[in-house]
Amino acid sequence: MSDHGVPVWLPRLLAWKPTTAKNKSLVERTLRRDNLPNIADGSQRASLSISGHMFDRLEISDVVGRDADKADDESLGRLLEEEVGRDLRAKLTQQCPHVAWEVERNARIWDFTQYAHIKELRDVASKYPEVEGLVGGDYLIDPDVTVGVPGRFGTSLRAVASCKWTIRSDRAQNVRHEFNSLIKSRRGRAPHLIAVTAEPLPSRLSSLTQGMGEIDAVYHVAYSLIDEAVKEYKPLRSGSGDVSQLKHWERMTLQGRLRDYRNLADDILAD
């Protein structure tokens with residue numbers, strides 16, 4: 001971990017990216033510079049302010065062009081998956097070395113004992129087209145990061161981490177849909193179902209923390225810095241939508257729905 005309570009690998013993924021014609025004015029008014037953090041929504045003052053605070057505290061100086069991987073959410077999501085996978089493998093092995101941990105990216109879900117029957121369903125569906133519609137696409141799940149442990153009947157799925165660099169409504173729905181499918185289709189014990197993100201805006205984070213239990217918890221890779229930034233953030237006027245950002249944050253953290261990424265390995269081991 002770095003001095004600011006973030007993973008040592010996180011600053012390598014952070015960079016200032018170019019503005020667009022639509023957000024240039026707001027970015028310059030809010031941050032007093034002509035580029036924005038690659039975790040920020042350039043159309044949201046709160047997102048810019050909170051992420052700018054985090055970048056300043058981490059002394060992020062890297063500036064990238066529009067076509068760089070670090071300016072693209074999809075590429076950053078892939079990089080986040082890779083770092084989370086490596087990090088969890090190292091921490092779990094260090095803390096519990098007698099277990100043969102299997103931490104993978106995009107593993108086939110039917111390789112785990114709780115979901116081995118899905119392979120049989122897919123095989124039947126491939127032979128009989130009339131069955132394929134019944135099987136549907138819910139079983140076509142390639143989790144971002146999986147944590148498996150040896151069990152009596154093969155490798156058991158201990159945890160699934162969905163890694164989202166930032167959160168938009170479609171990404172939140174994708175996580176819920178994927179985790180709902182994992183809950184409904186399992187045969188045996190359910191794995192820990194968690195999300196990992198760098199999203200700076202509490203109202204966006206709440207789209208994942210709310211719900212009926214599809215997601216066990218959301219883990220933020222810069223929890224302490226976002227906590228600091230949200231508490232310091234001042235909306236332009238009282239009563240505006242921005243004022244709710246602190247309320248979102250306090251509700252999620254007090255309920256344990258939003259947690260510090262630094263505790264993820266411990267939480268996986270606690271069960």
Side-chain angles (χ1 to χ4, degrees), residues 4-7 10-11 13-14 30 36-58 60 73-74 76-77 79-81 83-84 87-88 143-145 159-180 192-235 240-264 267-268:
H4 295 289
V6 303
L10 180 61
L13 305 187
L14 301 175
T30 305
L36 67 154
N38 63 351
I39 61 171
D41 180 343
S43 67
Q44 296 281 339
R45 179 178 176 272
S47 179
L48 289 167
S49 179
I50 292 167
S51 58
H53 176 102
M54 171 184 154
F55 270 47
D56 288 344
R57 295 279 280 125
L58 290 173
I60 302 301
D73 270 15
E74 186 174 339
L76 285 162
L79 293 171
L80 180 62
E81 291 174 24
E83 295 293 356
V84 168
D87 198 26
L88 282 178
D144 292 342
V145 178
V160 174
S162 179
C163 301
K164 303 299 179 190
W165 183 248
T166 57
I167 297 170
R168 302 296 181 263
S169 59
D170 57 333
R171 294 171 197 161
Q173 290 304 315
N174 288 344
V175 176
R176 291 187 184 282
H177 177 75
E178 178 180 306
F179 284 0
N180 261 324
H192 289 293
L193 301 173
I194 59 96
V196 177
T197 186
E199 171 61 50
L201 198 60
S203 56
R204 295 261 175 87
L205 290 164
S206 70
S207 68
L208 281 180
T209 61
Q210 295 174 353
M212 301 302 291
E214 307 97 332
I215 303 172
D216 293 340
V218 177
Y219 290 81
H220 203 290
V221 292
Y223 181 95
S224 59
L225 288 179
I226 298 298
D227 177 70
E228 181 182 285
V230 170
K231 290 174 180 176
E232 291 189 7
Y233 173 68
K234 297 293 187 290
S240 70
D242 284 344
V243 77
S244 67
Q245 298 302 331
L246 180 58
K247 292 181 180 178
H248 279 297
W249 183 263
E250 290 176 337
R251 181 169 60 246
M252 293 184 292
T253 55
L254 288 172
Q255 294 176 352
R257 303 291 295 131
L258 182 67
R259 304 179 185 179
D260 194 328
Y261 173 80
R262 291 176 291 179
N263 298 322
L264 177 54
D267 288 351
I268 292 174

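Below, each value reflects all heavy atoms present in this structure, side chains not excepted, and no hydrogens, waters or symmetry copies.
Ion pairing between D73 and K164 fails under the 4.0 Å rule for side-chain N and carboxylate O. For E250 and K231, the salt-bridge test fails: no basic side-chain N is under 4.0 Å from an acidic carboxylate O.
Taking both residues in full, the closest heavy atoms of D260 and Y219 are given as O-CD2, 3.5 Å, listed atom of the first, atom of the second, then distance. Heavy-atom minimum distance, L201 versus A46: CD1-CB, 3.6 Å. Considering all non-hydrogen atoms of both residues, S49 and T30 come closest at N-CG2, 4.0 Å. In terms of heavy atoms, P37 sits closest to S51 at CG-OG, 3.5 Å. The shortest non-hydrogen separation linking L80 to V196 is CD2-O, 3.9 Å. Listed here is the closest heavy atom pair of D144 and A161: CB-O, 3.3 Å.
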Working for side chain to side chain contact (heavy atoms under 4.5 Å, CB included), residues H53 and L225 | CA-CA 8 Å; H53 176 102; L225 288 179; 5.5 Å; no

Check the pair Q245 / S203 against side-chain hydrogen bond (donor to acceptor under 3.5 Å, both in side chains), numbers first and verdict last.
-> CA-CA 6 Å; Q245 298 302 331; S203 56; 3.1 Å; yes

Applying side-chain hydrogen bond (donor to acceptor under 3.5 Å, both in side chains), run through Y223 and N263 and close with a yes or a no.
-> CA-CA 11 Å; Y223 181 95; N263 298 322; over 6 Å; no

Verify side chain to side chain contact (heavy atoms under 4.5 Å, CB included) between V145 and C163, making sure each step is shown before the conclusion.
-> CA-CA 8 Å; V145 178; C163 301; 4.1 Å; yes

How far apart are the C-alpha atoms of W249 and Y233, what are their side-chain angles, what is the distance that settles it, and do they pass the ring-ring contact (aromatic ring centres under 6.0 Å, His included) test?
-> CA-CA 12 Å; W249 183 263; Y233 173 68; over 10 Å; no

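Side-chain contact between M54 and L14 is present, with at least one heavy-atom pair separated by less than 4.5 Å. At least one side-chain heavy atom of V175 sits less than 4.5 Å from a side-chain heavy atom of I215. Between L79 and W165, every side-chain heavy-atom pair lies at or beyond the 4.5 Å cut-off.
The CG atom of L264 sits 9.5 Å away from the NE2 atom of H192 when rounded to the nearest 0.5 Å.
The neighbour count for E74 CD, taken as heavy atoms of other residues, nucleotides or ligands under 6.0 Å away, does not exceed 12.
Shown here are the side-chain contact (heavy atoms from CB on, under 4.5 Å) partners of S206, two or more places apart in sequence or in another chain: T209, Q210, H248, M252.
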